[in-house]
Number of protein chains: 2
Amino acid sequence: MKSRMTIGKLAEAAEVGVETIRFYQRSGLLQEPDRPLSGYREYTAEDARSVRFIKRAQTLGFSLNDIAGLLKLDGPQTCSITHDLALAKLHLVEDKIADLESIHDALRQMIRQCELKQKRGTCPIIESLVQG
Amino acid sequence: MKSRMTIGKLAEAAEVGVETIRFYQRSGLLQEPDRPLSGYREYTAEDARSVRFIKRAQTLGFSLNDIAGLLKLDGPQTCSITHDLALAKLHLVEDKIADLESIHDALRQMIRQCELKQKRGTCPIIESLVQG
DNA sequence: GTACTCTCCGTACATAGGTACGGAGTCAAG
DNA sequence: CTTGACTCCGTACCTATGTACGGAGAGTAC
């Protein structure tokens, strides 16, 4: 019961555009599927799983390049490789959160100043950006 | 005591590349400065302040487009405009932090599973990405 | 068999924010 | 005066991740 499908169906199943599938294919993220009659690509449920894998890994901050690496993994070392990669991503995410939090604080402070000082003259936000 | 400088000095003072200054100029972020003798641009300390303004606003998440808007502001409404823009950025930053935190949790959980289950077989990270 | 949809392909375009190139002119030091 | 560093300009290129286009062929519904 291999449900085979055309590129449009796969795209729909994985909630991406047809062009995205073709793009992943060009980029080597997806195997070129069989092309039986007519030259139309014929995908399997496995391909749909691959595309979902890609999209899910993307939401976790993995680039397509990272993902290409993950997809090639196989064998006993897989786990330690993915573990390290995930850990590296974790650190990136933590750094990014810290950055955003300091941005957040700076913005909130600027906004507060702006709200307090409802006086004439220069805007405190502009001021603080100029002098920062 | 207007310390005038060439593009190279300005770039150095603002810690950006020469090409970046030219790029900002092309993009309308920076006024075209005087070009006295020889056609060499002659910048002032004011220009250096502008470039620092741009870089600082960038670190707070403003795009060059936003910044172009900020730089054109002048007059009594300035403060309310910048206030609203900063508030909008604040919300974007908050959303982004929330996203990253859920990514963070997902990654940490995957990593933990990977560390616990030091058994043979498929890697739990790969597994969870496939099925996620 | 006609109409409509889908797929094929290669290529160009999009975003944001720069970076790089190459040949020519200019400036400052010695 | 020569040498080396700096600047000029327009244009092309870069990363990452897709999107869009357009003409031709294939599949499908009625």
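If you're wondering where the values come from, they're calculated on a predicted model, not measured in any experiment. As a basis for the values below, the full set of heavy atoms in this structure was taken, side chains included, without hydrogen atoms, waters or symmetry mates.
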Asks: What nucleic acid atoms does S27(B) come within less than 4.0 Å of, heavy atoms only: base, sugar-phosphate, or nothing?
Replies: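 Answer is nothing: S27(B) stays at 4.0 Å or more from every strand.
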Asks: Taking OH from Y24(B) and P from dA16(C), how many angstroms apart are they, rounded to a whole number?
Replies: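 Answer to the nearest Å: 14 Å.
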Asks: Check the pair Q113(A), M110(A) against side-chain contact (heavy atoms from CB on, under 4.5 Å), reporting the backbone distance first and the verdict last.
Replies: CA-CA 5 Å; Q113(A) 300 233 329; M110(A) 289 192 336; 5.8 Å; no
Asks: In this structure, how many angstroms lie between the C1' atom of dC9(D) and the CD1 atom of I21(B), rounded?
Replies: 17 Å
Asks: Return the value, rounded to whole Å, for the distance between atom CE of M5(B) and atom C1' of dC6(D).
Replies: 16 Å
Asks: Carefully, step by step, assess R49(B) and E46(B) under the rule salt bridge (Lys or Arg N to Asp or Glu O under 4.0 Å).
Replies: CA-CA 5 Å; R49(B) 236 172 302 137; E46(B) 177 69 19; 2.9 Å; yes
Asks: Rounded to the Å, how far apart are K9(A) NZ and dG27(D) P?
Replies: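 So the two atoms are 16 Å apart, to the nearest Å.
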Asks: Between T20(B) and dT19(C), is there a side-chain N or O to OP1/OP2 distance below 4.0 Å?
Replies: yes
Asks: Locate the shortest heavy-atom distance separating T82(A) from L73(A); write the atom from each residue and the value.
Replies: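 Shortest heavy-atom separation between T82(A) and L73(A) comes out as CG2-CD1, 3.5 Å.
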Asks: Shortest non-hydrogen contact from L29(A) to L71(A)?
Replies: O-CD1, 3.4 Å
Asks: From CG of L30(A) over to C1' of dT17(D), roughly how many Å is that when rounded to an integer?
Replies: 15 Å
Asks: Can you work out whether G17(B) or G39(A) has the more 5'-proximal nearest nucleotide on DNA chain C?
Replies: G39(A)
Asks: The side chain of T6(A) lies closest to which of these nucleotides: dT7(C), dG18(D), dT7(D)?
Replies: dT7(C)
Asks: State which of dG10(D), dC8(D), dG18(C) makes the closest approach to the side chain of R22(B).
Replies: dG10(D)
Asks: Can you check the R35(B) CZ to dT7(D) C1' distance for me, whole Å?
Replies: 10 Å
Asks: Suppose we call a contact any N or O donor and acceptor under 3.5 Å apart; does that hold for the side chain of R26(A) and the base of dG18(D)?
Replies: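 Flag unset: no donor-acceptor pair detected.
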Asks: Which nucleotide in the list dT7(D), dC8(C), dG18(C) gets nearest to the side chain of K55(B)?
Replies: dG18(C)
Asks: Go through dG18(D), dG17(C), dC8(D) for me and flag the one nearest to the I7(B) side chain.
Replies: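 Taking heavy atoms from C-beta onward, the closest nucleotide is dC8(D).
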Asks: Tell whether Y40(B) reaches the base of dG25(C) with its side chain through a donor-acceptor pair below 3.5 angstrom.
Replies: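 Yes, a donor-acceptor pair under 3.5 Å.
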Asks: Is it true that, when you exclude E15(B) itself, more than 12 heavy atoms of the residues, nucleotides or ligands shown sit nearer than 6.0 Å to its CD?
Replies: no
Asks: Is the shortest side-chain N/O distance from S38(B) to OP1 or OP2 of dT7(D) below 4.0 Å?
Replies: no
Asks: When you get a sec, tell me which of dC9(C), dT17(D), dC6(C) is the closest nucleotide to the side chain of F23(A)?
Replies: dT17(D)
Asks: Please tell me which of the listed nucleotides, dA26(D), dC6(C), dC21(C), lies nearest to the side chain of E19(B)?
Replies: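 Selected nucleotide: dC21(C).
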Asks: Take the protein atom CD of Q25(B) and the nucleotide atom C1' of dC8(D), then report the distance between them rounded to whole Å.
Replies: 12 Å
Asks: Would you please confirm or rule out a distance under 4.0 Å between OP1 or OP2 of dG18(C) and any side-chain N or O of Q58(B)?
Replies: yes
Asks: What is the distance, to the nearest angstrom, from the CD1 atom on I54(B) to the P atom on dA16(C)?
Replies: 16 Å
Asks: What nucleotide among dC9(D), dG18(D), dT11(D) has an atom nearest to a side-chain atom of R41(B)?
Replies: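 The answer is dC9(D), which lies nearest to the side chain.
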Asks: Indicate whether any N or O donor in one side chain lies under 3.5 Å from an N or O acceptor in the other, for S63(B) and D66(B).
Replies: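 S63(B) vs D66(B): donor-acceptor pair found between side chains.
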